[in-house]
Student: 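I am attaching a structure below and will ask some questions about it afterwards.
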There are 2 protein chains.
Amino acid sequence: MPKQVDYESRRRRIAEAVCLLADEHGPEGVSMRDVAARAQVSLGAVQRCFRSKGEMLLFAVDHVGDRITERVRTRLAASPAQSAAAALGHAADEIALLREERRAEARIWLAFVAQAAVSEPLAGPLRTSYAALQNLLVRLITEATESGSADEGATPLNPEHEACTLLALADGLTTHVLIGRLTAEEAEEVLHAHLVGLWERLRSTRPRKAV
Amino acid sequence: MPKQVDYESRRRRIAEAVCLLADEHGPEGVSMRDVAARAQVSLGAVQRCFRSKGEMLLFAVDHVGDRITERVRTRLAASPAQSAAAALGHAADEIALLREERRAEARIWLAFVAQAAVSEPLAGPLRTSYAALQNLLVRLITEATESGSADEGATPLNPEHEACTLLALADGLTTHVLIGRLTAEEAEEVLHAHLVGLWERLRSTRPRKAV
DNA sequence: CCAGAAACGATACGATCGTATTGGAATAAG
DNA sequence: CTTATTCCAATACGATCGTATCGTTTCTGG
């Protein structure tokens, strides 16, 4: 048989180029030609990797989602001995993409989210990524709640609810930073204040037990 | 002098068309021709109203921002006698654009926000709209805090902070509803749970005084 | 009524888009 | 070495975009 190329790595390379361009010119502002140029391959090569532009974007959004999710997981695995509170804080930080070095990823994410709001096929992978993050947060919150005593009754602090709140707040803050309404520092402050509040509510349902 | 037309009303009519299209096909998916067709005017008429497409989008985003802000204000003015808690809840509801009938506006807003993240001229009007909403929320929270006693010291619950949190949470929830990750009902529940928490913290800084 | 200014609709233009096609270079099997 | 097949780069194509231009129509002030 003739020539063989590693499509998987080329696809990733192209996805990176899509991200770079989406970061600079917005979602619809990425053209196949520009992507090819950025990825240092020909337009034909891009077309061989992906049947259409839509397929390419789909792959790219999955790529970004995986990267973010995995980074959160890595960060958590790196500090398993610390308190649940610290772990939650780190997770939230990684999700919110507030720091300067994550600005590009934040813009890409927002671009895809906006597109997904009017394009169901794009929304699927996005939901999957969010579900992974939510699971992770629920696990952390549940651990923090259970670490020490059994349930208390009345208002046991629904972990799914809290995870939703945290996820939505992180997303909203990211957005506000992107449009220059908040600085990264202000947003971080707001996020951490919310986490402190969550932590206090956690303790109130289970009065004993420190870090 | 020759023919005269009411440019202001025509501009508004065109802005409405922009909104309808942005709702259907996303931000960059609106073309001058489609806008003209929707607004039932000729392409030339649109060009006479706005020097360029960018100018048209700028006007449209202002239009939407004004509409949302004014609706919040109207809603508040309609129930001035009620408790501050109820007022805050209503304001949050209007801002979050969760209900089905606000879905279109939510999509438009998200479209512009995503665009603004990579286009500074669009970000300006957006920040202005957000600032108006934030002012409003700060006012409500401050009123609620002060209604009964003076300051307390230690942790007096920073109204600006809380307004930021509320605004970001509302935005994040809206987004999640748009991509189908949450139903409007779930999002509303999360939002109201947060408001309840805020209200309880309010009371804790100032133990006396009921509704 | 009647000029003249403003608005209009239509159409032209150049650029850029996603996609299809195609002729040749590269490579593994026989 | 030949041959068949896979890949590639270039180019062609049709559509659509934002914008510019240009007669024509329409209305107002004198």
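So that the names make sense, note that chain A is the first sequence line, chain B the second, and so on, each numbered from 1.
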Student: Apply ring-ring contact (aromatic ring centres under 6.0 Å, His included) to A:Phe50 and list each qualifying residue two or more places apart in sequence or on a separate chain.
Tutor: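 Result, ring-ring contact (aromatic ring centres under 6.0 Å, His included) vs A:Phe50: A:Phe59.
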
Student: Mind checking side-chain hydrogen bond (donor to acceptor under 3.5 Å, both in side chains) for B:Ser31 and listing every partner two or more places apart, or none if nothing turns up?
Tutor: B:Asp34

Student: Which residue pairs satisfy the salt bridge (Lys or Arg N to Asp or Glu O under 4.0 Å) criterion with at least one member in residues 121-137 of chain B, sequence neighbours excluded?
Tutor: B:Glu120-B:Arg127

Student: Please enumerate all residues that pass salt bridge (Lys or Arg N to Asp or Glu O under 4.0 Å) together with B:Glu185, with sequence neighbours excluded.
Tutor: none

Student: Apply side-chain hydrogen bond (donor to acceptor under 3.5 Å, both in side chains) to B:Asp93 and list each qualifying residue two or more places apart in sequence or on a separate chain.
Tutor: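 By the side-chain hydrogen bond (donor to acceptor under 3.5 Å, both in side chains) rule, B:Asp93 matches no residue at all.
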
Student: Send over the distance from B:Phe50 CZ to C:dC8 P, rounded to a whole Å.
Tutor: 13 Å

Student: Restricting to pairs with a member in residues 163-175 of chain A, which pass salt bridge (Lys or Arg N to Asp or Glu O under 4.0 Å), not counting sequence neighbours?
Tutor: none

Student: With side-chain contact (heavy atoms from CB on, under 4.5 Å) as the criterion, how do A:Ile68 and A:Trp109 come out once you've worked through the C-alpha distance, each side chain's angles and the decisive distance to 0.1 Å?
Tutor: CA-CA 10 Å; A:Ile68 295 175; A:Trp109 192 251; 4.2 Å; yes

Student: Not counting sequence neighbours, which residues clear salt bridge (Lys or Arg N to Asp or Glu O under 4.0 Å) with B:Glu8? List them please.
Tutor: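 Partners of B:Glu8 by the salt bridge (Lys or Arg N to Asp or Glu O under 4.0 Å) criterion come out as none, since no residue qualifies.
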
Student: Considering only residues two or more places apart or on different chains, which pairs with a residue in residues 38-57 of chain B satisfy salt bridge (Lys or Arg N to Asp or Glu O under 4.0 Å)?
Tutor: B:Glu24-B:Arg38, B:Arg51-B:Glu55

Student: At a heavy-atom distance below 4.0 Å, what parts of residues 7-20 of chain B sit against DNA chain C?
Tutor: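 Nucleic-acid contacts, sorted: B:Tyr7, B:Arg10.
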
Student: For A:Glu186, give me all partners under salt bridge (Lys or Arg N to Asp or Glu O under 4.0 Å), at least two apart in sequence or on another chain.
Tutor: none

Student: Scan residues 56-64 of chain B against DNA chain D and write down, sorted by residue number, each residue with any heavy atom closer than 4.0 Å; if none is found, say none.
Tutor: none

Student: Where along nucleotides 9-20 of chain C does protein come under 4.0 Å, by heavy atom, of base (B) or sugar-phosphate alone (S), with - for untouched nucleotides?
Tutor: B--B----BBBB

